[in-house]
Protein chains: 2
Amino acid sequence: MVDKEEYRERIILTASKIFSHYGFRKTTMEEISRALKKGKSSIYYYFQSKEEIFEAVVLYEANQLRTRLTTAIKEVDSPPDKLRNYIYVRMKEFAKLSNYYNAVFDKNLDHFEFIERIRSRYDREELAILRLLVYVGNNRGIFAVEDSEYTAMAIQTMLKGMEVPLFWRKREMDINHRLEAILTLIFNGILKKQ
Amino acid sequence: MVDKEEYRERIILTASKIFSHYGFRKTTMEEISRALKKGKSSIYYYFQSKEEIFEAVVLYEANQLRTRLTTAIKEVDSPPDKLRNYIYVRMKEFAKLSNYYNAVFDKNLDHFEFIERIRSRYDREELAILRLLVYVGNNRGIFAVEDSEYTAMAIQTMLKGMEVPLFWRKREMDINHRLEAILTLIFNGILKKQ
DNA sequence: ATAAAGATAGAACAAATGGGTCGGAAATTC
DNA sequence: GAATTTCCGACCCATTTGTTCTATCTTTAT
C-alpha cells in the first residue's frame with residue numbers, strides 16, 4: 001500500500017523523462033513500461049490511464065519547477081541578483097518543458113484542464129515572488145519604483161513574452177542574447193540612477 | 001526538372017528538423033507534409049518512400065557535420081587549439097544527431113545499411129584528420145609522439161567512447177566536465193613536457 | 001487555344017500501432 | 001496453503017500511417 005505509492009513515483013519519474021522528450025502524443029505506454037522493465041498491462045495496476053500518468057507527471061514537473069526557482073532565488077542575496085537568477089532559471093526550465101506545450105494546444109486532444117489550473121496557480125505564485133522581490137529591492141534603496149504590484153505584473157508580462165517562441169515551437173536561437181537584453185532592459189528601467 | 005531537385009532539398013531541410021527531433025519512427029509523413037504545407041501524397045512525387053527521405057536526410061546531415069568540423073579546425077592555428085575545437089564541435093554535433101541512433105538500432109526495423117556506409121566513411125576521414133593534426137603538432141615540436149597513425153587511432157577510440165552514452169540514450173550530465181577531463185588527459189599525455 | 005507535361009491533393013486501403021481489458025500466472029504476505 | 005498483491009501475455013478495436021491511385025489543377029510548349 002505504501003509500496004504502491006512508491007512505485008507510482010518511479011513510474012512518474014520514468015514517464016517524465018519520456019514525456020518531456022517526445023510530448024504526450026508521441027509517448028506510448030509500451031515505451032514507458034519498457035523503460036520500467038515491466039509489462040505494458042502492469043502499468044495499469046498503478047494508473048488508470050495514460051492521461052492519469054500525464055497528469056501526475058505534469059504535477060511533478062510543476063513542483064520541480066517551483067523548488068528550482070526558489071532555490072535559485074535563495075542562492076544570492078541582492079535583489080538584482082535574485083531577479084537575474086530567477087529569470088535565468090525560469091527560462092532554462094521552461095525551455096526544457098517546451099514539449100508539454102504540445103499537449104496543451106494539440107487540437108483534437110481532450111483539453112487537459114488541469115494544466116491550466118496548474119498554470120494559473122503558478123502565475124499567482126510567480127507574481128507574489130516578483131512583487132516581493134521588487135518590494136525588497138525598493139526598500140533597500142536599490143530599486144525605485146512607484147508600485148511594486150504593477151511593476152511585478154509588467155515584469156511577468158515580459159517573462160511570458162519570452163515563452164511565445166516555445167508555443168510557436170520556433171525554438172532555436174540566441175537565447176542568451178535575448179536574456180541579456182531583457183535583463184539590461186529591466187535593470188536600466190528599474191535601477192535608481194545615481 | 002531543375003526545379004524538382006530544388007524542391008527535394010526543401011523537403012530534406014524540413015524533414016531533417018523533424019527527424020532530428022523525433023527520430024525515424026516517430027516522424028510521420030503527415031508531419032513532414034504539413035510542415036511543407038503540402039498534401040501528404042504530394043511528397044511521393046519527389047520521394048519514393050519515407051525511407052528514401054530519411055536516407056537523403058542522413059546524407060545531408062553527414063555533409064553538414066563534415067563542413068562544421070572542417071571549419072572548426074580552420075578557425076584556429078595551433079594544433080592543440082585545432083584538436084580542442086575539433087573535439088568540442090564533434091561532441092556538440094553528435095549530441096544533436098543522437099536521435100538518429102534510434103533508427104540504427106531499432107530492431108524490427110530494416111537495418112539501414114547506408115548509415116553504416118556513411119559511418120565507416122566518416123571514420124576513415126576522421127582518422128586522416130587526426131593523423132594530420134598529430135603529425136603537424138609533432139613537426140612543430142608541440143607534440144611528441146612516436147607514431148602519429150596509432151596515436152590518432154587512440155584518440156579516435158576515446159572520441160568514440162564519448163558517444164556511448166548517446167547509444168545508450170543515457171543523455172544528461174556534466175558534458176562539459178567530461179570534455180575538459182578528456183582534453184586535459186589527451187593534452188597532458190601528448191604535450192611535450194618542458 | 002489546346003495539348004502535353006508537371007504538380008498537387010483527396011479518397012481509399014492494407015498494415016501497423018497503440019490504448020486499454022481480462023483471465024490467470026507468479027510472487028508475496030499472512 | 002490460502003489470500004492478497006503484483007505482474008504479464010494475449011486479445012480487442014479504434015486510430016494512425018505509409019503508400020497508391022485517380023482526378024484535378026497549373027504550367028509549358030506548340
Side-chain angles (χ1 to χ4, degrees), chain A residues 1-19 21-58 99-100 102-103 105-112 114, chain B residues 1-19 21-58 99-100 102-103 105-112 114:
Chain A
M1 3 199 84
V2 182
D3 238 17
K4 200 165 174 177
E5 194 51 41
E6 204 173 300
Y7 200 81
R8 275 175 63 103
E9 285 192 22
R10 238 195 92 200
I11 294 179
I12 292 173
L13 283 187
T14 306
S16 149
K17 285 182 201 159
I18 309 181
F19 275 132
H21 192 136
Y22 290 119
F24 179 76
R25 198 96 180 235
K26 300 217 177 204
T27 297
T28 74
M29 295 296 282
E30 168 70 25
E31 247 173 326
I32 296 176
S33 61
R34 207 186 318 134
L36 287 161
K37 293 178 172 49
K38 286 281 159 61
K40 182 174 64 162
S41 41
S42 301
I43 310 296
Y44 286 87
Y45 181 70
Y46 299 94
F47 288 92
Q48 299 216 19
S49 66
K50 186 185 177 186
E51 304 203 357
E52 196 182 299
I53 299 183
F54 187 66
E55 184 163 340
V57 164
V58 170
N99 267 309
Y100 290 102
N102 295 336
F105 287 100
D106 201 332
K107 271 290 181 200
N108 70 23
L109 200 60
D110 296 334
H111 230 185
F112 299 100
F114 70 91
Chain B
M1 3 200 83
V2 181
D3 239 19
K4 198 166 177 177
E5 194 52 39
E6 204 173 300
Y7 201 81
R8 274 175 65 101
E9 286 191 22
R10 238 195 91 200
I11 294 179
I12 292 174
L13 283 188
T14 306
S16 150
K17 285 182 202 157
I18 309 180
F19 276 132
H21 193 128
Y22 291 120
F24 179 77
R25 200 93 179 239
K26 300 213 176 205
T27 297
T28 75
M29 294 296 281
E30 168 70 26
E31 251 172 324
I32 297 176
S33 61
R34 206 185 320 135
L36 287 161
K37 294 178 172 50
K38 286 282 157 62
K40 184 171 59 160
S41 45
S42 301
I43 311 294
Y44 286 87
Y45 181 72
Y46 300 94
F47 288 91
Q48 299 217 18
S49 65
K50 186 185 178 187
E51 303 203 359
E52 196 182 297
I53 299 182
F54 187 66
E55 185 163 339
V57 165
V58 170
N99 267 310
Y100 290 103
N102 296 335
F105 287 100
D106 202 331
K107 271 291 180 199
N108 70 23
L109 199 60
D110 296 333
H111 230 183
F112 299 100
F114 69 91

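So you know, we letter chains A, B, ... as the sequences are listed, proteins then strands, and number each from 1.
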> Does a donor on one side chain sit under 3.5 Å from an acceptor on the other, for B:Tyr46 and B:Lys38?
Replying inline: no
>> Between C1' on C:dG6 and CZ on B:Arg8, what's the gap in Å once rounded to a whole number?
In response: 16 Å
>> Angle between the two end axes of the helix from C:dA1-D:dT30 to C:dC30-D:dG1, five base pairs per end, rounded to 10 degrees?
In response: 20°
>> Regarding B:Ser33, tell me which of base, sugar-phosphate or nothing describes its non-hydrogen contacts under 4.0 Å with the strands shown.
In response: nothing
> What's the CZ-C1' distance between B:Phe24 and D:dG18, to the nearest Å?
Replying inline: 10 Å
> Could you state the CD-C1' distance from B:Glu5 to C:dA7, rounded to the nearest angstrom?
Replying inline: 16 Å
> Residues from residues 37-46 of chain B sitting under 4.0 Å of DNA chain C, heavy atoms only?
Replying inline: B:Lys37, B:Lys38, B:Gly39, B:Ser41, B:Ser42, B:Tyr45, B:Tyr46
> Of the non-hydrogen atoms in B:Ile11 and B:Leu36, which two are nearest, and what is the gap between them?
Replying inline: CG1-CD1, 3.7 Å
>> Testing the basics here: between A:Tyr22 and A:Glu31, what is the closest heavy-atom pair and its distance to 0.1 Å?
In response: CE1-OE2, 3.7 Å
> If you measure from CD1 on B:Ile53 to CD on B:Gln48, what distance do you get to the nearest 0.5 Å?
Replying inline: 11.0 Å
> Can you tell me how far C1' of D:dT16 sits from NZ of B:Lys50, to the nearest Å?
Replying inline: 11 Å
> Does the ring center of B:Phe19 lie less than 6.0 Å from the ring center of B:Phe54?
Replying inline: yes
>> So that I can tick it off, tell me whether A:Arg10 and A:Glu5 are bridged by a salt bridge, with the cut-off set at under 4.0 angstrom between side-chain N and carboxylate O.
In response: no
> Are B:Arg8 and B:Glu52 within salt-bridge range, i.e. N to O under 4.0 Å?
Replying inline: yes
> Between A:Arg34 (CZ) and D:dC7 (C1'), how many Å, whole number?
Replying inline: 18 Å
>> side-chain contact (heavy atoms from CB on, under 4.5 Å), that's the test. Do B:Tyr100 and B:Val57 meet it? Break it down for me.
In response: CA-CA 10 Å; B:Tyr100 290 103; B:Val57 165; 3.4 Å; yes
>> How many whole angstroms separate atom CZ of B:Phe47 from atom P of C:dA7?
In response: 14 Å
> Over how many whole Å does the gap from A:Tyr7 atom OH to C:dA27 atom C1' extend?
Replying inline: 14 Å
>> Does a side-chain N or O of A:Arg25 approach OP1 or OP2 of D:dT16 to a distance below 4.0 Å, or not?
In response: yes
> Looking at CG of A:Asn99 and CD1 of A:Ile18, how far apart are the two atoms once the value is rounded to the nearest 0.5 Å?
Replying inline: 12.5 Å
> For the pair made of CE in A:Met29 and P in D:dA10, what is the distance, rounded to whole Å?
Replying inline: 19 Å
